[in-house]
Structures are given as structure tokens and as C-alpha cells.
Amino acid sequence: MQYWLMKSEPDDVSIDDLMAAPQQTTAWYGVRNYQARNFMRDRMQPGDGVLFYHSSCPEPGIAGLARIVSGPYPDASQFDPDNRYYDAKAVPEQPRWISIDVQGTRKTRLLPLAELRTIAALDDMVVLQKGSRLSITPVTPAQWQAVVALLA
DNA sequence: GCCAACGTTGGC
DNA sequence: GCCAACGTTGGC
């Protein structure tokens with residue numbers, strides 16, 4: 001059981017979208033960064049906890065909690081020439097990119113980035129480090145507990 | 001829109 | 001393998 005922070009642009013998939021989906025579950029596709037892909041492929045497990053973060057929006061911050069509910073499988077968008085995430089170098093025999101299913105657990109109050117930066121227990125959180133842009137980052141159990149406590 | 005930081009590409 | 005050029009992310 002591990003914990004993660006996943007970024008999403010709310011104009012693309014918001015916490016409300018996640019909670020409104022059938023079974024509150026959404027296929028996570030379009031990740032086109034190798035480090036993030038490797039986390040999904042090699043380390044994420046069904047049951048893992050997710051801090052759901054809104055990025056590139058007026059109020060960036062944690063907007064809800066979610067969990068991983070599938071293992072890795074090929075991201076279909078890489079094979080579709082009409083899709084914005086199409087990858088001409090990907091072939092079905094050798095998929096480059098993968099998806100996992102994410103299930104919303106609950107929408108929380110918006111915990112703004114600026115507030116996260118004031119919490120001493122979160123000083124080492126990967127997403128708060130200078131220059132950190134990765135869309136999927138690991139969260140320690142202590143960091144998870146600290147965030148959940150703030151959202152209680 | 002700006003810009004810092006990081007990732008990817010491709011010539012050599 | 002190096003590294004310059006370019007592209008992307010994402011807060012502000």
C-alpha cells in the first residue's frame with residue numbers, strides 16, 4: 001500500500017468529474033512522461049491512496065482523495081491518430097504508454113498550494129520541491145496522514 | 001503572458 | 001555520449 005499525488009487540470013478532469021463518473025472511476029490516460037509512466041507501470045497497486053491535485057488553474061491545490069483500482073494496461077490513446085495523445089512511434093505489439101483506473105473517494109475542501117507550503121510535515125513532499133513538474137509523485141505515509149488530518 | 005525548470009530530440 | 005535547441009509544465 002503506497003500513496004501518490006496525481007495532478008490534473010480541472011478543465012480536463014476535475015474532482016467533480018471523477019466523482020460523477022460511473023463507479024466514480026476514470027481511466028487515466030495521456031501520461032507522456034517516462035518517470036510518471038514507470039510509477040504507474042511498476043509501483044502503483046490497486047488500493048493505493050491518491051491525493052487528487054488541481055493544477056494549471058486559478059486555485060491550484062489538493063481537491064480530493066482517490067484510490068487506484070486497476071493494474072496497468074495499454075493506453076489506447078497512443079494508437080489513435082485523431083487523439084491529442086497519439087504517439088506515432090507506439091505500436092500495439094509494443095505499447096509505450098499505459099493507463100490505470102482511478103476511483104474518486106471524496107471531494108474535500110480545496111487545500112491550496114500556498115497552504116501546503118506552510119506545513120512543516122510536508123517540507124519534503126516531492127510536488128513541493130523547486131522545479132517539480134511530474135504529474136504523478138510518491139507521497140510518504142506521514143505526508144498522507146498530515147494532509148488527511150488537514151482535510152478532516 | 002512571463003519565465004524558470006525540466007524533458008526530449010537530434011546533429012555531431 | 002555531449003549538448004544546444006526546442007517543447008512542455010505550471011505557478012504567478
Side-chain angles (χ1 to χ4, degrees), chain A residues 2-21 26-44 48-68 70 72-140 142-151:
Chain A
Q2 298 189 86
Y3 299 100
W4 306 94
L5 181 142
M6 296 178 74
K7 292 181 189 173
S8 183
E9 299 187 16
D11 284 351
D12 189 4
V13 180
S14 69
I15 186 67
D16 289 329
D17 295 330
L18 213 58
M19 298 310 292
T26 297
W28 213 252
Y29 67 93
V31 171
R32 293 295 180 269
N33 170 283
Y34 289 106
Q35 210 176 332
R37 179 204 64 181
N38 293 348
F39 283 143
M40 290 198 294
R41 188 188 61 190
D42 304 334
R43 293 184 49 193
M44 278 184 163
D48 283 1
V50 173
L51 303 175
F52 194 79
Y53 180 95
H54 283 176
S55 66
S56 295
C57 59
E59 284 192 293
I62 293 169
L65 302 177
R67 66 169 71 92
I68 303 303
S70 83
Y73 57 92
D75 176 345
S77 67
Q78 69 193 304
F79 307 125
D80 177 3
D82 295 329
N83 194 286
R84 63 192 273 218
Y85 296 114
Y86 176 63
D87 183 345
K89 294 177 183 166
V91 290
E93 300 75 36
Q94 195 87 48
R96 290 183 134 193
W97 307 112
I98 63 127
S99 288
I100 43 113
D101 292 342
V102 179
Q103 180 182 49
T105 307
R106 73 180 164 104
K107 179 179 182 177
T108 64
R109 75 173 174 98
L110 194 279
L111 180 49
L113 176 60
E115 184 175 345
L116 293 173
R117 292 196 187 284
T118 68
I119 314 294
L122 302 181
D123 278 352
D124 295 330
M125 204 174 193
V126 176
V127 78
L128 301 182
Q129 304 310 302
K130 185 180 171 76
S132 173
R133 316 182 297 179
L134 207 53
S135 65
I136 298 175
T137 49
V139 171
T140 67
Q143 290 162 353
W144 172 272
Q145 286 304 326
V147 170
V148 169
L150 288 168
L151 296 173

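Side chains included, hydrogens not; waters and symmetry mates left out as well; all remaining heavy atoms used. Fair warning: this is a prediction, and the values are worked out from it, not measured in the lab. Convention: sequence-line order gives letters A, B, ...; per-chain numbering from 1.
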Please list, for nucleotides 2-6 of chain C, all pairs of protein and nucleotide N/O atoms separated by less than 3.5 Å.
none

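Legend: residues meeting salt bridge (Lys or Arg N to Asp or Glu O under 4.0 Å) with E9(A), ordered by chain and number and at least two apart, are absent. Residues forming a salt bridge (Lys or Arg N to Asp or Glu O under 4.0 Å) with D12(A) (at least two apart in sequence, or on another chain): R84(A).
With hydrogens and angles ignored, the 3.5 Å screen pairs no side-chain donor or acceptor of T26(A) with any backbone N or O of L18(A).
Of the candidates D17(A), D11(A), D16(A), S14(A) forms a side chain to side chain donor-acceptor pair (under 3.5 Å) with just one, namely D17(A).
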Name each donor-acceptor pair under 3.5 Å that joins a side chain in residues 29-40 of chain A to protein atoms two or more places apart or in another chain, with its distance.
unit_1	atom_1	unit_2	atom_2	d
R32(A)	NE	Y85(A)	O	3.1
R32(A)	NH1	D75(A)	OD2	3.0
R32(A)	NH2	S77(A)	OG	3.0
R32(A)	NH2	Y85(A)	O	2.8
N33(A)	OD1	Q35(A)	N	2.9
N33(A)	OD1	A36(A)	N	3.0
R37(A)	NH1	R96(A)	O	2.9
N38(A)	OD1	R41(A)	NH2	3.3
N38(A)	ND2	Y34(A)	O	3.3

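Summarising the geometry, atom CZ belonging to F52(A) is positioned 11.5 Å from atom CD1 belonging to I62(A); distances are rounded to the nearest 0.5 Å.
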Going 5' to 3' through nucleotides 7-12 of chain C and flagging B where a protein heavy-atom sits under 4.0 Å of the base, S where only the sugar-phosphate is that close, and - otherwise, we get BBBBSS
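Within the structure, side chain to side chain donor-acceptor pair (under 3.5 Å) contacts touching residues 110-133 of chain A (residues at least two apart or in different chains) are R109(A)-E115(A).
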